[in-house]
Amino acid sequence: MTAIRAVVTDIEGTTTPLAFVHEVLFPYARERLAGFVTEQGSEPEVAAQLAAARDLGNIPDADGKAIIALLLQWMDEDRKAGPLKELQGRIWRQGYEAGVLKGEVYADAAEKLRLWHGRGLRLFVYSSGSEEAQRLIFGRSDKGDLAQLFDGFFDTRIGAKVEAASYAAIAKAAGLDPQEMLFLSDHPGEVGAAKKAGMQAVRIDRALAPGAESEDEGGAVYGSFGPVEKYLSLKV
């Protein structure tokens, strides 16, 4: 039998309220995108992301106005485009560094992440947001610097979150057997993909009471990180 040695967590709706992402972060980046591209578009790293966006959008000759329009369109569509994610992350960094933004993390998530890290469990993040954005949410959070607790951060460059191969790749990168890893997410499709790859997985449903435990067709469902503690004590 194999014991859990690592926890992989999603962010949006799992460790962090959906409202923070959709009502704070996204509008912040949208309002500042045009100015950011205009002012910093010639910087090598930003220019590389703009070039990647032109390639992805199949508009290789687009000027600044056209590329801004494309990026805004992707934001409206909530498209998980790599160049957009990278640019959003850079805009958010400015906000975090200025003290305007502070990552929101559920108290129960922060408590358990610290507890598990102290116990020797390895912690990882897997989110559709860029690795930069992930580090910022946890590193400059309202619960302190949580980024230091994590061994690694994964975004969709490793694969789509509803594909089993992505979770297999994460396990390989961590040097662990998938069965030694527990994945936490609010998304049933992601939980199912992680299980298909051989990981243990439970769904977090913040609509439930904090200590609530339930089940759906995919298995265990918890209202917070609290009940996950019991799950980690089990041999699988």
*Taking C-beta and beyond as the side chain, do D155 and E132 meet within less than 4.5 Å on heavy atoms?*
no

*Side chains of F183 and I170: closer than 4.5 Å at any heavy-atom pair?*
no

_Under 3.5 Å: donor-acceptor pair, side chain of S141, backbone of G144_ = yes

*asked:* If you count heavy atoms of other groups shown closer than 6.0 angstrom to CD of E77, is the number above 12?
replied: yes

_Counting only heavy atoms not in K65 (residues, nucleotides, ligands), do more than 12 fall under 6.0 Å from its NZ?_
no

_Check: V221 and V202 side chains under 4.5 Å, non-hydrogen atoms_ = no

*Under the salt bridge (charged side-chain N to carboxylate O under 4.0 Å, His left out) rule, collect the residues that match up with R5, sequence neighbours excluded.*
E180

_Using 0.5 Å steps for rounding, measure from the OG1 atom of T9 to the CZ atom of F150._
6.5 Å

*In Å, rounded to the nearest 0.5 Å, how long is the span from CZ of F153 to CD1 of I11?*
8.0 Å

*Indicate yes or no: does D108 engage R206 in a salt bridge with an N to O separation below 4.0 Å.*
yes

*Are F124 and V7 close enough that some pair of their side-chain heavy atoms sits under 4.5 Å apart?*
no

*Decide side chain to side chain contact (heavy atoms under 4.5 Å, CB included) for Y222 and L184; before the verdict, give the C-alpha distance in whole Å, the side-chain angles of both, and the deciding distance to 0.1 Å.*
CA-CA 10 Å; Y222 297 150; L184 308 176; over 6 Å; no

*Would D78 and K80 count as a salt bridge (Lys or Arg N to Asp or Glu O under 4.0 Å) if you check the C-alpha gap in whole Å, the side-chain angles of each, and the deciding distance to 0.1 Å?*
CA-CA 6 Å; D78 194 21; K80 313 301 184 185; 3.3 Å; yes

*Using a cut-off of 6.0 Å, state whether more than 12 heavy atoms not belonging to K196 lie near its atom NZ.*
no

_Is it the case that over 12 heavy atoms from other parts of the model lie below 6.0 angstrom from the CG atom of N58?_
no

*Between L50 and L87, is any pair of side-chain heavy atoms under 4.5 Å apart?*
yes

*Test log, rule ring pair (Phe, Tyr, Trp, His ring centres under 6.0 Å), inputs Y167 and Y126*: CA-CA 9 Å; Y167 299 87; Y126 180 32; 5.3 Å; yes

*Start with the C-alpha distance between L18 and E12, add both sets of side-chain angles, then the distance that settles side chain to side chain contact (heavy atoms under 4.5 Å, CB included), and finish with yes or no.*
CA-CA 6 Å; L18 291 166; E12 189 176 331; 3.3 Å; yes

_Over-ring placement of R135 relative to F138, 6.0 Å and 45° cut-offs_ = no

